[in-house]
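The basis for the numbers below is simple: all heavy atoms, side chains too, and nothing from hydrogens, waters or symmetry mates.
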There are 2 protein chains.
Amino acid sequence: MQRKTGQRRAIRLALEQADRPLNAQEVLDCAQLQVPKLGIATVYRNLKALVETGWLLAVELPGEPARYEVRGGAHHHHFRCDSCGRVFDIPGCPDDIEATTPEGFRVDRHEITLYGVCAHCP
Amino acid sequence: MQRKTGQRRAIRLALEQADRPLNAQEVLDCAQLQVPKLGIATVYRNLKALVETGWLLAVELPGEPARYEVRGGAHHHHFRCDSCGRVFDIPGCPDDIEATTPEGFRVDRHEITLYGVCAHCP
DNA sequence: ATAGGTGCAAACAGTTTGCATGTAT
DNA sequence: ATACATGCAAACTGTTTGCACCTAT
């Protein structure tokens, strides 16, 4: 991740301009507007590297390809619309999440996903 | 799903005897003890059918193959051990989960996964 | 007898990797 | 000049499907 390349810039731009988490294919489609010869392998390599540096956050929902969002604000969770398939950020977090964790288990982190219909869908 | 076959019985038995959600490969390994010629395609076909009838519950964690558990008790969530990779049931559920859902969103269901180290791992 | 199930292998989707080529430094 | 980055294609994993054969009913 030490050189500035056109593909790298295009990939970052795609993620910065998105208003929601994008998957690898969406990043490719968007970044190819600027670098048409961009390949999917390069997208994956850069996404992985950007997650490792902490610039990106991987949003992985069960059964679907991973999405990525620029690590911005505070701890939050996600809402997936069953109608349009898009994923949105949900601020905040319940505070009693670990309440019923069995004795002897140590909880390091958690994921919450809400499913339903978003405000833009009928 | 209308005939009683040996492979179907073996698959159901594997899931009934497991004390945790199993993925397709684990079901195959276990069921093959009784039906050695059992194929993975049959396992997938039966898992899908059993989920559709409601007998099974799919436990899908991001980035890993789906696991399946017999639909038994009450609403619950899951804990994944980062050390041994096994998944355990966690009883109960925080009650203020939908608290910060934005206006206009309708929440139909939710998934919570805790990550950490289980009681059996050092 | 016959519709439903099975096994095998091929097809698939998403992701990763090996390698020759290209390019920012 | 040279190490890092890219593109392509092949490999890989988990899952699904087409098809001929098998079997519970």
Side-chain angles (χ1 to χ4, degrees), chain A residues 1-15 18 21-53 55-69 80 85-87 113, chain B residues 1-15 18 20-53 55-69 78 80 85-87 113:
Chain A
M1 287 297 296
Q2 53 250 76
R3 293 184 187 179
K4 298 178 185 171
T5 67
Q7 19 282 78
R8 198 156 280 173
R9 181 167 27 252
I11 289 169
R12 273 204 273 247
L13 188 63
L15 289 155
L22 302 181
N23 65 33
Q25 188 61 50
E26 290 170 327
V27 172
L28 177 65
D29 294 343
C30 184
Q32 272 185 337
L33 298 178
Q34 301 186 60
V35 185
K37 291 179 49 183
L38 180 63
I40 189 73
T42 297
V43 172
Y44 278 111
R45 278 189 279 240
N46 277 278
L47 289 176
K48 175 181 271 191
L50 289 168
V51 167
E52 277 162 9
T53 69
W55 191 79
L56 271 187
L57 195 64
V59 179
E60 307 192 72
L61 303 200
E64 326 196 17
R67 292 169 171 87
Y68 301 85
E69 67 184 355
R80 181 185 184 279
R86 284 181 298 182
V87 171
T113 310
Chain B
M1 289 296 296
Q2 54 249 77
R3 292 184 188 179
K4 298 177 187 173
T5 67
Q7 21 280 79
R8 198 155 280 173
R9 180 167 28 251
I11 289 169
R12 274 204 272 246
L13 188 64
L15 288 156
R20 58 191 177 84
L22 302 181
N23 64 34
Q25 188 60 52
E26 290 170 328
V27 171
L28 177 65
D29 294 343
C30 184
Q32 273 184 336
L33 298 177
Q34 302 184 61
V35 185
K37 290 178 49 181
L38 180 62
I40 190 72
T42 298
V43 172
Y44 278 110
R45 277 189 279 241
N46 276 278
L47 288 176
K48 174 180 271 191
L50 289 168
V51 167
E52 275 163 9
T53 69
W55 191 79
L56 271 187
L57 196 63
V59 179
E60 306 192 73
L61 303 200
E64 324 195 19
R67 293 168 169 88
Y68 301 86
E69 67 185 355
H78 296 94
R80 181 185 184 278
R86 285 182 296 182
V87 171
T113 310

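- Atom CG in B:Leu28 sits roughly 11 Å away from atom P in C:dC8 (whole-Å rounding).
- Here A:Asn23 does not reach the OP1 or OP2 of C:dT15: none of its side-chain N or O atoms lies under 4.0 Å away.
- Regarding B:Leu61, its CG atom lies at a distance of 15 Å from the C1' atom of D:dG14, rounded to whole Å.
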Using a 4.0 Å heavy-atom cut-off to protein, can you give one letter per nucleotide of nucleotides 20-25 of chain C, 5' to 3': B if the base is in contact, S if only the sugar-phosphate is, - if neither? ---BBS
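- Residues B:Glu60 and A:Leu61 have side chains not in contact (no heavy-atom distance under 4.5 Å, counting atoms from C-beta outward).
- Taking atom CG of A:Asp29 as the reference point, atom P of C:dG14 lies 12 Å away to the nearest angstrom.
- Distance CD (A:Glu52) to P (C:dT16): 11 Å, rounded to an integer number of Å.
- In this model, the phosphate group of D:dT15 is not approached by any side-chain N or O of B:Gln25 to a distance below 4.0 Å at OP1 or OP2.
- Residues A:Glu64 and A:Arg80 have side chains in contact (heavy-atom distance under 4.5 Å, counting atoms from C-beta outward).
- You'll find the side chain of B:His78 reaches within 4.5 Å of the side chain of B:Pro21, heavy atoms only.
- Per the geometry, CG belonging to A:Leu38 stands 12 Å off C1' belonging to D:dA5, to the nearest Å.
- Atom CZ of A:Arg9 is separated from atom CD of A:Gln7 by 9.0 Å, given to the nearest 0.5 angstrom.
- Both A:Arg8 and B:Ala24 sit near DNA chain D, but only A:Arg8 has its closest nucleotide nearer the 5' end.
- Within the 4.5 Å cutoff, the side chain of A:Arg12 has heavy atoms near those of the A:Leu50 side chain.
- Looking at heavy atoms from C-beta onward, A:Ile11 lies in side-chain contact with A:Leu38 at the 4.5 angstrom threshold.
- Counting to the nearest Å, the C1' atom of D:dT6 and the CD1 atom of A:Ile11 are 10 Å from each other.
- Listed for the A:Glu26 side chain is a donor-acceptor partner under 3.5 Å among the backbone atoms of A:Asn23.
- If you measure from atom CZ of B:Arg9 to atom C1' of D:dT23, you get 13 Å, rounded to the nearest angstrom.
- Residues A:Leu47 and A:Leu15 form a side-chain contact, since some pair of their non-hydrogen atoms from C-beta on lies under 4.5 Å apart.
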Could you write out each protein N or O paired with an N or O of nucleotides 17-19 of chain C at a distance under 3.5 Å?
| residue | atom | partner | partner atom | Å |
| --- | --- | --- | --- | --- |
| C:dG18 | O6 | A:Arg45 | NH1 | 3.2 |

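- Residues A:Leu22 and A:Arg67 fail the side-chain proximity criterion, which asks for heavy atoms closer than 4.5 Å.
- Going from atom CD of A:Glu64 over to atom C1' of D:dG14 covers 16 Å, rounded to whole Å.
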